[in-house]
Amino acid sequence: MKQLMQKGWKPVLVLVLLISIWELSSRIFQVPSWLLPAPSLIFRTGVEDWLNYQHHILSTIRLTMIGFLIGSTSGIVTAVMLHVIPALREALYSLLIISQNIPVIVLAPLLVVWFGFGILPKIIIIALVCFFPIAVSSLEGFRQTDRDLLHYMKMAGAGKQQVFWKLEWPSALPYVFSGLKISATYSVMGAVISEWLGADQGIGVYMTMASSSFRTDRVFVSILFVIVLSMLFFSFIMLAEKKMIRWKPEREE
Amino acid sequence: MGELSIEHLFKAYGNHPVLADMHFTVNEGEFVSILGPSGSGKSTLFHLIGGILEPDAGDIWLDGEKINGKRGSISYTPQTPSLLPWRSILKNVMLGGEIQGNIDKNEAIELIEYAGLSGYENAYPFELSGGMKQRAAFIRSLLSPQPLICLDEPFSALDEFTRLEMQKWLLSIWQEHHRSILFVTHNIEEAIFLSDRIIVLSQTPAYVKEIFTIPFSRPRDEDLLLTEEFLAWKKTIYRGLGNDVQKNY
């Protein structure tokens, strides 16, 4: 903590400086608030409007969690299947890599056509966004299993299941987590975009309503919350990783 | 228990022959070193004995049982980081037994103590020095139920001081737990100091060029390293390696 304070003050200073410049210049040049609201105004709106938008945030959090859970679970399961069944991997691995290049967001309108404006298409979008990073990263993790250790396990007479649970799974775990971290931030983005397409509540809804009525301050408030949510989510995963992976030397940071 | 017999073993990768008529035995409770230039198929030999590869021709017998392509019959310790990084030392040491389905925690703790690793039972491998890790890996082999231990250049990554310590330690612990050991090394001195017999391999395709029986009595200590006899043996074996050495060093 002390170290964080010692090293962390520089970026904090820069942030404070930037916000001050923003505040000052919007006062000096009298920028209209629908174009670029001053930080103080954004803050005030954030506080005053809290009761109006808090249910939107809760709804987005719920949506994100459901989508993330489904996406990451199916990502890990897929990776395990592809790893354990070589024929499946040969057939699907390159497709999986190529399909990573499809921006999932472009599928969103299609999903709306198929599944309407309910919660299902939104969850599918988030799950798809989360799926690929985790699946690809976990597969890479399995592939990176140490050769020497693998030889050791096999010569010691370990069966396929023992090799998987005692060696391959724990050795892939850091890769699984790096996939989870990427997906965690993607999932919030996926949720907001899916809400843009049509929903009755969520940060995305609050955002589109605000922008169509030129309440730019509210748009900024929603952006702020999207950022905060992404960071929170990311740090939860990081915390879980720290708890589960204790066998690595602490990196000096 | 632990009698290994390699009979006229052949192995090639495609058109590239690696082993050609490899033939030798390891007797019960014997310490045998394999000495040969790098790339002479020593790893292939271990993979064959360990059952990961199948020989093209020839047989491998262990205690009267043919073990061609059969896994789990020897205990193998690879060159470097052969401990699982996510397991504590205690759990690492018990891995060999765990795979075979019999765990003896008390014996494990006893051997950890004997290896001077007390207090590290719950430490992770990254917290140990190179020598400590190798000792842990060797204990794991001793705790595995298999009668033959194969060590693949276990000390090659250690510095000279640690290496000598480890060699002495290995000899002392081996004398208490009589097992057969097949030991691969590049180091002539190490081979003479440790072994009952030394098998010298040729360049690839590898065959047994010569077998030396080392007459020094046991227990051996480091003073042996400076005796005239020891140097004489070093010369003999150096000559035994012949042209292969000049090519490699």
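Throughout, a chain's letter reflects where its sequence line sits, starting with A, and its residues are numbered from 1.
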Answer yes or no: are there more than 12 heavy-atom neighbours, outside Tyr120(B) itself, under 6.0 Å from its atom OH? no
So, the side chain of Gln100(B) versus the backbone of Ala158(A): is there a donor-acceptor pair under 3.5 Å, distance only? no
Do the non-hydrogen side-chain atoms of Leu84(B) and Tyr152(A) ever get within less than 4.5 Å of each other? no
For Phe236(A), does the CZ atom have more than 12 heavy-atom neighbours from other residues, nucleotides or ligands under 6.0 Å away? no
Might you point out which heavy atoms bring Leu83(B) and Leu149(A) nearest each other, and give the distance in Å? O-CD2, 4.0 Å
Looking at Glu98(B), Arg87(B), Glu127(B), which has the largest count of heavy-atom pairs under 4.5 Å with chain A? Glu98(B)
Is there a donor-acceptor contact under 3.5 Å from the side chain of Trp86(B) to the main chain of Lys166(A)? yes
Exercise: identify the closest heavy-atom pair between Phe126(B) and Trp247(A): CD2-O, 2.8 Å
With chain B, the option among Lys154(A), Met153(A), Arg246(A) that has the most non-hydrogen atom pairs under 4.5 Å is Lys154(A)
Can you see which heavy atom on Met155(A) is nearest to which on His47(B), and at what distance? CE-CD2, 3.2 Å
Side chain / backbone / both / neither for Leu167(A) at chain B, heavy atoms under 4.5 Å: both
Ser88(B) versus chain A, heavy atoms under 4.5 Å apart: side chain, backbone, both or neither? neither
What part of Ile52(B) lies closer than 4.5 angstrom to a heavy atom of chain A: side chain, backbone, both or neither? side chain
